[in-house]
Structures are given as C-alpha cells and as structure tokens.
K.L.:
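Quick one: this structure, given as structure tokens, is what I'll be asking you about.
Note that this is a predicted model, so its numbers are computed, not measured. The chains referred to below are lettered A, B, ... by the order of the sequence lines, with proteins before strands, and numbering in each begins at 1.
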Number of protein chains: 2
Amino acid sequence: MTRSEENYLKTIFHLGGSKTTTPITTNAIAEQMETKPSSVTDMAKRLSEKGLVNYKKYQGVSLSELGIKTALNIIRKHRLWEVFLVRKLDFTWDEVHEVAEQLEHIKSEKLIDKIDELLGFPKYDPHGDPIPTKNGDIDEQGYDKQLLSELPVGTKGTCVAVKDSSVPFLQYLDKHGISIGKTIHILGKEVFDGSLHLRVGNREHTVSQQIATNLYLQSK
Amino acid sequence: MTRSEENYLKTIFHLGGSKTTTPITTNAIAEQMETKPSSVTDMAKRLSEKGLVNYKKYQGVSLSELGIKTALNIIRKHRLWEVFLVRKLDFTWDEVHEVAEQLEHIKSEKLIDKIDELLGFPKYDPHGDPIPTKNGDIDEQGYDKQLLSELPVGTKGTCVAVKDSSVPFLQYLDKHGISIGKTIHILGKEVFDGSLHLRVGNREHTVSQQIATNLYLQSK
DNA sequence: ATTATTTTTTAGACAAATCTAAAAAAAGGT
DNA sequence: ACCTTTTTTTAGATTTGTCTAAAAAATAAT
C-alpha cells in the first residue's frame, strides 16, 4: 500500500464509494483530490488490479470489500490521531486535520491500538465523526443528530458534530464559543434569509443559514 | 525535503559526516542504507544542489551547516518519538526503532514540541543516546560513560547506554534483566576470552566480550 | 611504473505518480 | 437523429528514486 493509494481509497469512501449503487465518477475524485482526471484513471486501474476497487471504463469507481476495510482502517487511524492531538497535546480542532493526514499513514498496528487504549477507546473524533473499530465497524448514524437549520425555534440541544470541518468554519465556531458538547438554544429564526438567533452559554449570537446547515445538534 | 533525502542526511550524520575532516565514502553510505553506490552518487548530487552536503566527485560526502542542522532535527524527532513510545505506550526498547523511523518524518514543528513538553523535555532516548535540542545542540558526550569491557574488575556502575541498538542485542539484554538505570557489578573477568562475570540486581551472569563492548556504564 | 583491483561515476532503463494534449465515449439539446 | 458539449481515457512526457552494466578514476600490488 502506498500513501497515494491510501489517499485515493479514503477519498472514494468519503464520496460514498462504499455503496455499489452509484459508482463515483472520475471527475468527482479528481476535484476532491485537487488532481487531474487522467491521474484518477491511472490510479483506478492500479487499485482495480489490486482488488481494492471495482472499475470499468467510463463507469466510475466503487470500493470492493477489501477496499472498504482498508479505507475504514485509514479513517480509524486519522480520527484516533485527531483525538490524541486534542486531548493529549492541546491542539485545537482546526489544527488537527493537517497533522492527522500524515499520521494516518504510519504503519504499525500496535501503535494505533496503544493510542486507542491510551485515549480510552473513544467513539467520536473532535468534529463528532464516528471512529471505526478495529474490525471495521462504523457507527454511520452517530448520535441521533439533526442539523441546526432543521430544528424549530425554541429547541435546546447539545452540539455533537460539524458537517463542514474546514479550518475557517472551525475558527468561526471557536470565535463564537461554539464547540462539541456546548448547549445551544434556538431563540429565533429570520424567515427572510434563514439566519438564526442563538444562545450559546451566556452569550447570544445571530448566525447565518450557512452556519446552521453545518452544525449538528442532539436536541433534548 | 523528501523522506529519502532525510534518510540520507541522517545516515551521513551517523557515519560521522558532520566533521569536515574525513568525508564519508559512497560505498559506506550504500552499505549502511542497503542500497547501491550508484544511487548514493545520484543522491549526493541532489543534496549538493540543495546545499545540504559538500560533494566533489570521487571524494565522498560531508554535511554542510544546513545539512547538520537538518540531520539533527530528524534525529531529535526520532529519539523523542522513541521516548514517547516507551513511556506513554509501553513499547519495549527493541520495538521502538522501526516505528520511530516512520514518525521522524512527520512534518509539524508544533507536534514534536508538544511531544517534547508532554515527556518533560527528556535528554536521553531509551538507548541512552542524547536528544538534540530544538536549536540543534547535542550533548555528544552524554553521560560520563565507559564501555563495560574497559572497566576493571570490582567496578560497580549504572547502565546508561547501549552502543549496539539492534533488536537481537536489546532482546538479549532484556532476557538477562539488563536495562538503562540498572546497577551492574563486575565480579570477575576471564582473561582467555574477555568474558565477564556480572551481578545485575540479584542475579549473576556471565556475558561474552561482544556484550561487554556494547554496553556503557557510568561507574560510581 | 605498470598492472590489477577496488571504488566511484555515467549511461540507460524502470516503476510510481503525476501532468498536458489529443482522442474516444457518453450525455445533453434542439 | 444529429450535433454539441462534457466526461473520460489514451498517449507521451516528467520527476523522484532506484537499479544494472559499463566506463572512468583512484588505490593497491608486484
């Protein structure tokens, strides 16, 4: 397994390539990976040779059983390292992704199992995404969560995950005191643009619809 | 900096390439890295282009100032990760090298500084080798240590480092209860083959000269 | 000092992973 | 159904890092 192969598998998984129903297009992969479609075609052939993906010319790519298992293993490593960075080394949630992108490729089963143990076998990463188990089981559902934008005014809930985990979005949330575990109260909604009025802790803010469609709450 | 370039720099450093006096030969590097001399020549040119080594045809390689700084930074990372693996994840000292070979190439200054901090700024790795500082200072001397083979009968000392840190040697030491920090008493010496009779803790062993020339004590 | 041996370098080839430009196939529009 | 546009693939080139085989330089030996 090369690093590049691992990155392709991970991307294909994130684009939904574990379901055989709709194969992932060459273009979609290229765009996501910021590479050229021709490079994707080359890699699709290589991965197909190795039995990691199903690929037929002009018909896109989906992951094989082995491909899914491999992708989940990389995602497991990525997310465990993210938890480690936040909990043990005081990284902020917007800093972890870049470093975890490197750490996820370290080849040592013992290492990642020990990190898992050190962290007390966490179930979710710092963005609220579920961590696959050693056997490749993943709690796709996660918490019983709903997008902030889909909840009615008056709802009170706990922030459990983010949909977008880009650096600017995470920094925006930090600036407004929003993080995983925080209680959020929906005070009002502007019908015109879908913006929401919230109470987070003892502070009140207005957030745009774009924010509201990228934040998951568990309502109570 | 590619991973391969980093590995060459590290190897050149370990072969003594930081002293301009005796350049390191192509063959020596090839042998150490288990590669071919022609590959070393290629890399020597590339590293020379980048100002990391001094290289003139047929005259071997030595590290430039920048090369030394870079090599020490990689060694620093390698050794800090080794300490982390032993102290935080219960790796044994014969297991750490292979994983640290991978971890040393992770690019994040913040990561290694936080690991350093988490460990309380250790000065020595699990084999007793000194850890370079962030600025590239290294305590070459280390402890005021002497090879076990060079000490007189009757000496009592603390094991502070190993010269050979190969897996078989470290496992041999483990089997005989010898580790960094252990007190060793030299009870007798066989003139014929240089083997030594030792007391380690409450056990007594005879060890060959080969063992004795690869173990450092700090006598007291 | 000339030959033999060893070391080092060059030249050319190969694999992985990428790119550009052009060709082929698929999808969309009228 | 035909033409146009988009998507995908092929073909050929490039870079990094490696190799083998042959040439060149340095070292050693008689």
Side-chain angles (χ1 to χ4, degrees), chain A residues 1-13 15-17 20-63 67 70-71 74 101-102 104-107, chain B residues 1-13 15-17 20-63 67 70-71 74 101-102 104-107:
Chain A
M1 265 280 110
T2 68
R3 178 171 299 228
S4 188
E5 286 170 348
E6 291 188 347
N7 283 330
Y8 273 93
L9 290 180
K10 201 181 48 162
T11 300
I12 296 165
F13 184 93
L15 291 172
T20 328
T21 51
T22 341
I24 310 305
T25 65
T26 304
N27 257 9
I29 298 167
E31 199 170 326
Q32 183 73 24
M33 299 191 71
E34 299 188 316
T35 183
K36 301 293 162 181
S38 56
S39 306
V40 176
T41 301
D42 285 351
M43 183 55 87
K45 286 179 188 166
R46 257 192 306 258
L47 292 174
S48 180
E49 292 279 306
K50 298 198 177 185
L52 292 158
V53 303
N54 311 114
Y55 168 67
K56 284 209 195 80
K57 276 191 192 182
Y58 299 104
Q59 291 186 198
V61 178
S62 66
L63 294 171
T70 310
I74 302 158
E101 285 285 295
Q102 299 181 61
E104 72 189 4
H105 299 293
I106 301 288
K107 283 166 183 57
Chain B
M1 266 277 114
T2 70
R3 178 171 300 227
S4 187
E5 286 171 346
E6 291 188 347
N7 283 331
Y8 273 92
L9 290 180
K10 199 180 50 162
T11 301
I12 296 165
F13 184 92
L15 290 171
T20 328
T21 50
T22 342
I24 310 306
T25 66
T26 304
N27 258 8
I29 298 166
E31 199 169 326
Q32 183 72 25
M33 298 192 72
E34 299 186 319
T35 184
K36 302 292 163 183
S38 55
S39 305
V40 176
T41 301
D42 286 351
M43 184 55 88
K45 285 179 188 166
R46 240 170 303 166
L47 293 174
S48 180
E49 292 280 306
K50 297 196 178 186
L52 292 157
V53 303
N54 310 114
Y55 168 66
K56 285 212 195 78
K57 277 192 193 183
Y58 299 105
Q59 291 185 195
V61 178
S62 66
L63 295 171
T70 310
I74 302 158
E101 286 283 294
Q102 298 181 62
E104 73 190 5
H105 300 291
I106 301 288
K107 283 166 183 55

K.L.:
Nearest 0.5 Å, what's the NE2-CE distance between B/His105 and B/Met1?
P.N.:
11.0 Å
K.L.:
For DNA chain C, determine which residues of residues 39-48 of chain B have any heavy atom closer than 4.0 angstrom to one of its atoms, and list them numerically.
P.N.:
B/Thr41, B/Lys45
K.L.:
Write down the distance between CG (A/Leu9) and P (C/dA17), rounded to a whole number of angstrom.
P.N.:
12 Å
K.L.:
In whole angstroms, how far is the P atom of D/dT16 from the CZ atom of A/Arg3?
P.N.:
17 Å
K.L.:
Select one nucleotide: of D/dG17, C/dC19, D/dT20, the one nearest the side-chain heavy atoms of A/Lys36.
P.N.:
C/dC19
K.L.:
OP1 or OP2 of C/dA17 less than 4.0 angstrom from a side-chain nitrogen or oxygen of A/Thr35, does that happen here?
P.N.:
no
K.L.:
Which of these, A/Asn7, A/Thr11, A/Val40, sits in a side-chain contact (heavy atoms from CB on, under 4.5 Å) with A/Thr35?
P.N.:
A/Val40
K.L.:
Among C/dA21, C/dT9, C/dA25, which is the nearest nucleotide to the side chain of A/Ser38?
P.N.:
C/dA21
K.L.:
Measure from the side-chain N and O atoms of A/Gln59 to the backbone N and O of A/Pro23, and report whether any donor-acceptor pair falls under 3.5 Å.
P.N.:
no
K.L.:
Roughly how far apart are B/Thr2 OG1 and B/Tyr8 OH, rounded to 0.5 Å?
P.N.:
10.0 Å
K.L.:
Side-chain N or O of B/Asn27 versus OP1/OP2 of C/dT6: is the shortest distance under 4.0 Å?
P.N.:
no
K.L.:
Taking everything shown except A/Lys36 itself, do over 12 heavy atoms lie less than 6.0 Å from its NZ?
P.N.:
no
K.L.:
Nearest whole angstrom, please: distance from the P of C/dA16 to the CE of A/Met1.
P.N.:
12 Å
K.L.:
In whole angstrom, give the distance that lies between atom OH of B/Tyr55 and atom C1' of C/dT10.
P.N.:
10 Å
K.L.:
Can you figure out which of D/dA25, D/dT8, C/dT18 approaches the side chain of A/Ser4 most closely?
P.N.:
C/dT18
K.L.:
Whole angstrom is fine here: how far is it from NZ in B/Lys56 over to C1' in D/dA25?
P.N.:
17 Å
K.L.:
Hey, what do you get for CG (B/Leu15) to CG (B/Leu63), rounding to the nearest 0.5 Å?
P.N.:
10.0 Å
K.L.:
Check the distance between D/dT7's P and A/Ile29's CD1 and give it to me in whole angstrom.
P.N.:
14 Å
K.L.:
Please report the distance, rounded to the nearest Å, between OH in B/Tyr58 and P in D/dA26.
P.N.:
7 Å
K.L.:
For the CD atom on B/Glu31, are there more than 12 heavy atoms of other groups (residues, nucleotides or ligands in this structure) within a distance under 6.0 Å?
P.N.:
no
K.L.:
Nearest to the side chain of A/Lys57, which nucleotide is it out of D/dT9, D/dT18, D/dT8?
P.N.:
D/dT9
K.L.:
Can you tell me the distance, in whole Å, between the CD atom of A/Glu6 and the P atom of C/dA17?
P.N.:
11 Å
K.L.:
Looking only at side-chain atoms of B/Pro37, point me to the closest of C/dT9, D/dT9, C/dA17.
P.N.:
C/dT9
K.L.:
According to a strict under-4.0 Å criterion, is B/Tyr8 in side-chain N/O contact with OP1 or OP2 of D/dT18?
P.N.:
yes
